[in-house]
Asker: 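Dropping a structure here in structure tokens format, bear with me for questions.
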Amino acid sequence: MKLKRNFYLRPTVKVAKDLIGKFLVRNCRGPSTGLRAGKIYQAMITETEAYHGFSDKACHGHKSRTKRNEVMFLHGGFAYVYIIYGIYHCLNLTTGDKDVPSAVLIRGLDFPNADGPGKLCKAFKITKENCNGLDVTGDTLYVEDRGIKPKIEATKRIGIDYAEECRDWLWRFKKI
DNA sequence: ACCCCGATCGTA
DNA sequence: ACGATCGGGGTT
């Protein structure tokens with residue numbers, strides 16, 4: 001069944017862990033344009049990372065609210081999509097309360113060429129233009145629980161060595 | 001207007 | 001291990 005709002009209105013780290021084993025569904029029939037009508041992509045989420053609040057120096061919203069990161073300040077259950085290195089798009093799902101920047105980065109799917117945050121956005125036709133700010137309790141982009149409970153390992157987050165003490169937090173979750 | 005850097009990826 | 005590549009945030 002589709003995850004409802006209350007799943008996302010919880011602490012970011014819990015949401016990140018609980019998203020492992022769930023299924024990301026991308027329905028191209030939604031309001032987004034330029035995509036073939038009726039095309040549906042779906043795959044199990046295998047890797048995530050949590051980014052939470054003003055004390056997390058790796059969180060995009062920890063210093064200030066900007067045009068890029070404003071979706072992070074919404075309450076849980078919205079897609080935050082941003083462009084990284086000028087080329088790749090990254091998909092996050094917001095969590096918790098409004099006005100606290102927090103989201104879960106989706107880093108991997110059990111799907112061809114979707115073993116990385118940029119690669120999975122390319123595979124599922126997710127861009128900042130067609131998905132940023134989308135309500136993921138809607139019909140275009142959402143997550144389903146299909147009853148699978150994988151073993152999970154927690155490790156340090158990737159690519160945030162600049163984040164001082166926060167670099168050591170075990171906020172990356174991966175299906176074993 | 002300019003500078004700097006990045007939640008990545010493909011190649012070597 | 002390294003470079004491509006450009007959006008965006010901060011500063012001048």
Side-chain angles (χ1 to χ4, degrees), chain A residues 7-8 10-22 24 26 32 34 41 43-134 136 141 143 152-176:
Chain A
F7 177 90
Y8 302 99
R10 298 183 301 142
T12 312
V13 175
K14 286 199 169 77
V15 174
K17 186 176 180 183
D18 289 348
L19 280 170
I20 302 297
K22 302 294 191 292
L24 181 71
R26 171 77 169 118
S32 51
Y41 300 94
M44 189 191 297
I45 296 169
T46 56
E47 185 182 344
T48 63
E49 282 176 0
Y51 289 87
H52 180 87
F54 302 102
S55 56
D56 177 6
K57 292 171 181 165
C59 176
H60 284 170
H62 91 277
K63 277 187 185 165
S64 63
R65 186 173 189 145
T66 67
K67 189 143 196 172
R68 176 177 71 147
N69 67 28
E70 62 185 356
V71 174
M72 284 196 101
F73 290 76
L74 297 177
H75 59 286
F78 292 86
Y80 166 46
V81 185
Y82 67 91
I83 295 171
I84 187 66
Y85 297 104
I87 315 171
Y88 306 105
H89 297 261
C90 289
L91 170 67
N92 302 251
L93 306 179
T94 65
T95 59
D97 298 327
K98 99 184 239 296
D99 297 327
V100 178
S102 56
V104 174
L105 172 66
I106 308 299
R107 289 191 55 88
L109 301 174
D110 184 11
F111 191 86
N113 299 307
D115 55 335
K119 294 166 77 176
L120 73 89
C121 283
K122 187 176 179 189
F124 272 43
K125 305 283 188 282
I126 292 166
T127 67
K128 172 178 170 161
E129 291 71 29
N130 64 28
C131 287
N132 190 43
L134 261 190
V136 295
L141 182 68
V143 181
I152 297 167
E153 76 172 330
T155 60
K156 296 177 186 180
R157 295 175 292 178
I158 302 294
I160 55 146
D161 286 350
Y162 59 84
E164 302 176 24
E165 75 279 6
C166 311
R167 88 183 80 182
D168 295 323
W169 297 353
L170 302 178
W171 282 10
R172 175 176 177 235
F173 300 96
K174 201 168 182 183
K175 174 176 176 284
I176 299 176

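We name chains A, B, ... by the order of the sequence lines, and we start the count at 1 in each one. Predicted model, so just to flag it, every value in this text is computed and none were measured.
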Asker: Is A:K57 atom NZ crowded by more than 12 heavy atoms from other residues, nucleotides or ligands, each under 6.0 Å away?
Answerer: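 Yes, because the 6.0 Å sphere around NZ of A:K57 holds more than 12 heavy atoms from other groups.
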
Asker: With heavy atoms under 4.0 Å as the rule, sort A:K57 into base, sugar-phosphate or nothing.
Answerer: nothing

Asker: Reading DNA chain C 5' to 3', how would its secondary structure be written in dot-bracket notation, given Watson-Crick and G-U pairs with both distances under 3.5 Å, brackets [ ] for crossing pairs and | for partners on other strands?
Answerer: ||||.||||||.

Asker: Rounded to whole angstroms, how far apart are NZ on A:K119 and P on B:dT8?
Answerer: 13 Å

Asker: Round to a whole Å and report the spacing from CD of A:E70 to P of C:dG8.
Answerer: 12 Å

Asker: Once rounded to the nearest 0.5 Å, what's the spacing between atom NE2 of A:H89 and atom NZ of A:K122?
Answerer: 11.0 Å

Asker: Does A:R65 count as lying over the ring of A:F73, i.e. NZ or CZ under 6.0 Å from the six-ring centre, within 45 degrees of the axis?
Answerer: yes

Asker: When rounded to the nearest 0.5 angstrom, what is the spacing between CG in A:D161 and SG in A:C166?
Answerer: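 Answer rounded to 0.5 Å: 12.0 Å.
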
Asker: OG1/A:T12 to CG/A:D56 distance, rounded to the nearest 0.5 angstrom?
Answerer: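 Atom-to-atom, A:T12:OG1 and A:D56:CG are 9.0 Å apart.
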
Asker: Walk along nucleotides 2-7 of chain B from 5' to 3' and tag each nucleotide B, S or - by protein heavy-atom contact under 4.0 Å, base first, then sugar-phosphate.
Answerer: ----BB

Asker: Evaluate whether atom CG of A:D168 has more than 12 neighbouring non-hydrogen atoms of other residues, nucleotides or ligands under 6.0 angstrom away.
Answerer: yes

Asker: How long is the straight-line distance from CG of A:L19 back to OG1 of A:T46, given to the nearest 0.5 Å?
Answerer: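 Answer rounded to 0.5 Å: 11.5 Å.
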
Asker: Using 30° and 60° as the class boundaries, would you call the ring planes of A:F78 and A:H75 parallel, tilted or perpendicular?
Answerer: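 A:F78 and A:H75: perpendicular rings.
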
Asker: Polar-atom pairs under 3.5 Å, protein N or O versus N or O of nucleotides 10-12 of chain C: list them with distances, or write none.
Answerer:
{"from": "C:dG10", "atom 1": "OP1", "to": "A:S64", "atom 2": "OG", "distance (Å)": "3.1"}

Asker: Could you check whether A:R68 makes a cation-pi contact with A:Y82, meaning its NZ or CZ is under 6.0 Å from the centre of the six-membered ring and within 45° of the ring axis?
Answerer: yes

Asker: Starting from P on B:dT8, measure out to CZ on A:R172 and report it in whole angstrom.
Answerer: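 After rounding, the gap between these two atoms is 10 Å.
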
Asker: For A:R10 and A:D18, what are the C-alpha separation, side-chain angles and deciding distance, and is it a salt bridge (Lys or Arg N to Asp or Glu O under 4.0 Å)?
Answerer: CA-CA 11 Å; A:R10 298 183 301 142; A:D18 289 348; 2.9 Å; yes

Asker: To the nearest Å, give me how far apart NE2 (A:H62) and P (C:dG9) are.
Answerer: 14 Å

Asker: Between A:K128 and A:I87, which residue's closest nucleotide on DNA chain C lies nearer the 5′ terminus?
Answerer: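 Residue closer to the 5' terminus by nearest nucleotide: A:I87.
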
Asker: Roughly how far, to the nearest 0.5 Å, is CG of A:L93 from CZ of A:F7?
Answerer: 9.0 Å

